[in-house]
Amino acid sequence: MGEKELRRSMAVLPMGTVMKLTSLTARQIRYYDDCGLVKSKRTESNRRLYSLNNIDRILEVKDYLDEGMNIEQVKRVYEKQRRRLASKNSNQRQTVSDKRVREYLRDDIMKAGGFYVDNDPQFKQGYL
DNA sequence: TTTCTAACA
DNA sequence: TGTTAGAA
């Protein structure tokens, strides 16, 4: 992990800052947090602390939700991310390109957005 | 003052 | 999701 990523992963931002940076309410931020969609840290006095990567994740979740996905569907998107990274590390196979990742995610996004039709042959094959 | 949890005239 | 009460 480079020094740059290390900084982006440092949880040092308090709730108020995250609210300003994301334009979301504390309620929404805590909700994503409680759902496990964001890994915030806590201070000794139980206050949440977020990193820049957390901010990106929060914004990402916001976008998915705006696109019509519900919390459960958003969770699945990241579960798949996790599984793919898990298998990637276990059996050192070829690196997965961003393009490929987006293809996998598109399937979930299509379904979530209601653009996916089970009996539509156009979606029968390909992604998974 | 800021943030937290829990709960709902 | 908003909002509020009461505590830290």
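Proteins come first, then strands; the chains are lettered A, B, ... in the order of their sequence lines, and each starts at number 1.
Between A:Val38 and the choices A:Asp56, A:Ile58, A:Asn53, the side chain to side chain contact (heavy atoms under 4.5 Å, CB included) rule is met once, by A:Ile58.
Scanning both residues, A:Met1 and A:Ser9, for their nearest heavy atoms gives SD-OG, 4.4 Å. Contact detail for A:Ile71 and A:Cys35: the closest heavy-atom pair is CG2-SG, 3.7 Å. Of all heavy-atom pairs between A:Met69 and A:Val74, the closest is CB-CG2, 4.0 Å.
B:dT5 atom C1' lies 13 Å from atom CG of A:Asp33, rounded to whole Å. To the nearest angstrom, C1' of C:dT1 lies 13 Å from CG of A:Asp66. Rounded to whole angstrom, the span from the CG atom of A:Asn46 across to the P atom of B:dA6 amounts to 10 Å. Whole-Å rounding puts the A:Asn70 CG to C:dT1 P distance at 12 Å. The CZ atom of A:Arg48 sits 4 Å away from the P atom of B:dT5 (whole-angstrom rounding).
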Would you please test A:Leu49 and A:Asn54 for side chain to side chain contact (heavy atoms under 4.5 Å, CB included) and show each step? CA-CA 9 Å; A:Leu49 290 179; A:Asn54 287 161; over 6 Å; no
Would A:Tyr50 and A:Thr17 satisfy side chain to side chain contact (heavy atoms under 4.5 Å, CB included), going step by step from the backbone distance to the final call? CA-CA 9 Å; A:Tyr50 298 86; A:Thr17 303; over 6 Å; no
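The pair A:Glu72-A:Lys75 meets the salt-bridge criterion, with a side-chain N (NZ, NE, NH1 or NH2) lying under 4.0 Å from an Asp/Glu carboxylate O. Using a 4.0 Å cut-off between charged side-chain N and carboxylate O, A:Arg48 and A:Asp34 make a salt bridge.
The stretch residues 10-20 of chain A does not touch DNA chain C, since none of its heavy atoms comes less than 4.0 Å from the strand.
In secondary-structure terms, DNA chain C builds stems of at least 3 consecutive Watson-Crick or G-U pairs, each pair having both distances under 3.5 Å, at B:2-8 with C:2-8.
At a threshold of 4.0 angstrom between heavy atoms, the contacts of A:Tyr50 with the nucleic acid are absent.
Contact annotation: the side chain of A:Arg57 never approaches that of A:Tyr32 to less than 4.5 Å [non-hydrogen atoms, C-beta and beyond].
The structure places CD1 of A:Ile55 at 9.5 Å from CZ of A:Arg8, a figure rounded to the nearest 0.5 Å.
Residue A:Glu3 places its CD atom among 12 or fewer non-hydrogen atoms of other residues, nucleotides or ligands, all under 6.0 Å distant.
Checking the phosphate oxygens (OP1, OP2) of C:dT1, a side-chain nitrogen or oxygen of A:Tyr32 falls inside 4.0 Å.
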I'd like to compare against my own output: the B/S/- annotation of nucleotides 3-8 of chain C with a strict under-4.0 Å heavy-atom distance to protein. B----B
